[in-house]
Amino acid sequence: MIKQLDIIRKTRTAILNLISDMTIEELNKIPAGFNNNIIWNVAHLVAAQDNIFYVKAGLPLKNISQQYFDSYKPGSKPERALSGKEFEEIKSLLFSSVDKLEEDIELKIFSDYTPWKTRYGFDMESINDGLTLLPFHDGLHFGYIMALKRVLRSEV
């Protein structure tokens with residue numbers, strides 16, 4: 001468990017390092033050929049995490065509101081440009097949500113995990129499967145963020 005959480009934290013740190021030189025305007029921009037932006041991808045990581053662990057265990061969202069979840073769940077897309085302050089809150093959630101997840105794993109609150117199949121064909125049967133999926137998921141979005149940045153910087 002500790003290894004997977006460490007991978008998640010390091011991936012999220014790498015994402016923030018990758019975009020640290022970008023303006024809020026760049027982070028909000030949706031390039032041609034894409035249906036979301038960098039901010040959506042970063043915020044989506046937290047929404048997906050709460051879904052994979054809390055919702056699928058029959059628990060309420062833990063780190064975010066229903067409105068946040070609805071704005072960044074799979075299939076959603078950016079509805080408006082976010083401010084720098086709003087993005088700072090999202091960046092903070094990237095790590096506080098992992099800290100909370102670690103606490104809740106230690107408290108063993110995930111006892112009623114509902115089996116499900118991801119869109120990638122993974123069978124999810126326990127919290128341990130979630131801990132395997134989340135680094136893959138975060139890495140996938142890291143790749144999207146890299147592509148978005150490359151396209152945005154080539155447009156200049």
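Since the model is a prediction, treat every value here as computed from it, not as a measurement.
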Closest non-hydrogen atoms of Ile52 and Tyr113, given as atom of the first, atom of the second and distance, are O-OH, 2.7 Å
Distance-minimising heavy-atom pair for Leu27 and Phe87
CD1-CE2, 3.6 Å
Mind checking what makes salt bridge (charged side-chain N to carboxylate O under 4.0 Å, His left out) contact with Asp50, not counting sequence neighbours?
none
Would you say the side chain of Pro115 lies within less than 4.5 Å of the side chain of Met124, judging by non-hydrogen atoms?
no
Are any non-hydrogen side-chain atoms of Ile15 and Leu45 less than 4.5 angstrom apart?
yes
Check for me whether Lys77 meets the cation-pi criterion with Trp40, that is, NZ or CZ under 6.0 Å from the six-membered ring centre and within 45 degrees of the ring axis.
no
Contact check, side chains of Leu18 and Phe142, non-hydrogen atoms, under 4.5 Å:
yes
A quick test of your reading: do over 12 heavy atoms of other residues, nucleotides or ligands sit less than 6.0 Å from CD of Gln67?
no
With sequence neighbours excluded, tell me which residues meet salt bridge (charged side-chain N to carboxylate O under 4.0 Å, His left out) with Lys10.
Asp6
Where do Leu101 and Gln49 land on the side-chain contact (heavy atoms from CB on, under 4.5 Å) test, with the steps shown first?
CA-CA 9 Å; Leu101 175 61; Gln49 177 184 316; 3.9 Å; yes
Taken to the nearest 0.5 Å, the spacing of Glu102 CD from Ile8 CD1 works out to 10.0 Å
A side-chain contact here means heavy atoms from C-beta on lying under 4.5 Å apart; do His137 and His44 qualify?
yes
CD1/Ile39 to CG/Asn28 distance, rounded to the nearest 0.5 angstrom?
3.5 Å
Among pairs that include at least one residue of residues 136-146, which meet salt bridge (charged side-chain N to carboxylate O under 4.0 Å, His left out), considering only residues two or more places apart or in two chains?
Arg12-Asp138
Distance col, row Leu16:CG vs Ile145:CD1, nearest 0.5 angstrom, shows 8.5 Å
Any side-chain heavy atom of Glu26 within less than 4.5 Å of one from Ile38?
no
So, do Leu148 and Asn36 sit near enough that their side-chain heavy atoms are less than 4.5 Å apart?
yes
Please identify each residue that fulfils ring pair (Phe, Tyr, Trp, His ring centres under 6.0 Å) with Tyr68, with sequence neighbours left out.
Tyr72
Residues that Ile30 engages under side chain to side chain contact (heavy atoms under 4.5 Å, CB included), provided they are two or more places apart
Phe34, Asn37, Pro78
Straight-line distance of Asp112 CG to Lys56 NZ, nearest 0.5 Å:
13.0 Å
Rounded to the nearest 0.5 Å, how far does CD of Gln4 lie from CD1 of Ile105?
8.5 Å
Membership question, hydrophobic clusters at under 4.5 Å side-chain separation (ILVMFWY): are Phe53 and Ile7 in the same one?
no
Would you be so kind as to tabulate the donor-acceptor pairs closer than 3.5 Å made by side chains of residues 88-96, with sequence neighbours excluded?
unit_1 : atom_1 : unit_2 : atom_2 : d
Glu88  : OE2    : Lys91  : NZ     : 2.9
Ser96  : OG     : Ser92  : O      : 3.3

Strictly by side-chain hydrogen bond (donor to acceptor under 3.5 Å, both in side chains), give each pair with a member in residues 121-132 just once, sequence neighbours left out.
Lys117-Asp123
Grab the two heavy atoms, one from Pro31 and one from Leu152, that are nearest each other, plus how far apart they are.
CG-CD2, 3.8 Å
Which residues pass the side chain to side chain contact (heavy atoms under 4.5 Å, CB included) test with Asp21, sequence neighbours left out?
Lys149, Arg153
Sequence neighbours left out, what passes salt bridge (charged side-chain N to carboxylate O under 4.0 Å, His left out) with Arg150? Give chain and number order.
none
For residues Thr13 and Asn17, determine if any side-chain heavy atom of one lies less than 4.5 Å from a side-chain heavy atom of the other.
yes
Residues at least two apart in sequence or cross-chain that pass side chain to side chain contact (heavy atoms under 4.5 Å, CB included) with Asp104, listed by chain then number, are Tyr54, Lys62, Lys100, Leu107, Ile109, Phe110
What is the distance from atom CD1 of Ile2 to atom CG of Leu131, rounded to the nearest 0.5 Å?
9.5 Å
All ring pair (Phe, Tyr, Trp, His ring centres under 6.0 Å) counterparts of Phe136, not counting sequence neighbours
Tyr120, Phe122
Checking Arg80 now: which residues fulfil side chain to side chain contact (heavy atoms under 4.5 Å, CB included) with it, not counting sequence neighbours?
Leu82, Glu86
Kindly give the heavy-atom pair with the smallest separation between Ser71 and Ser76, and that separation in Å.
O-OG, 3.0 Å
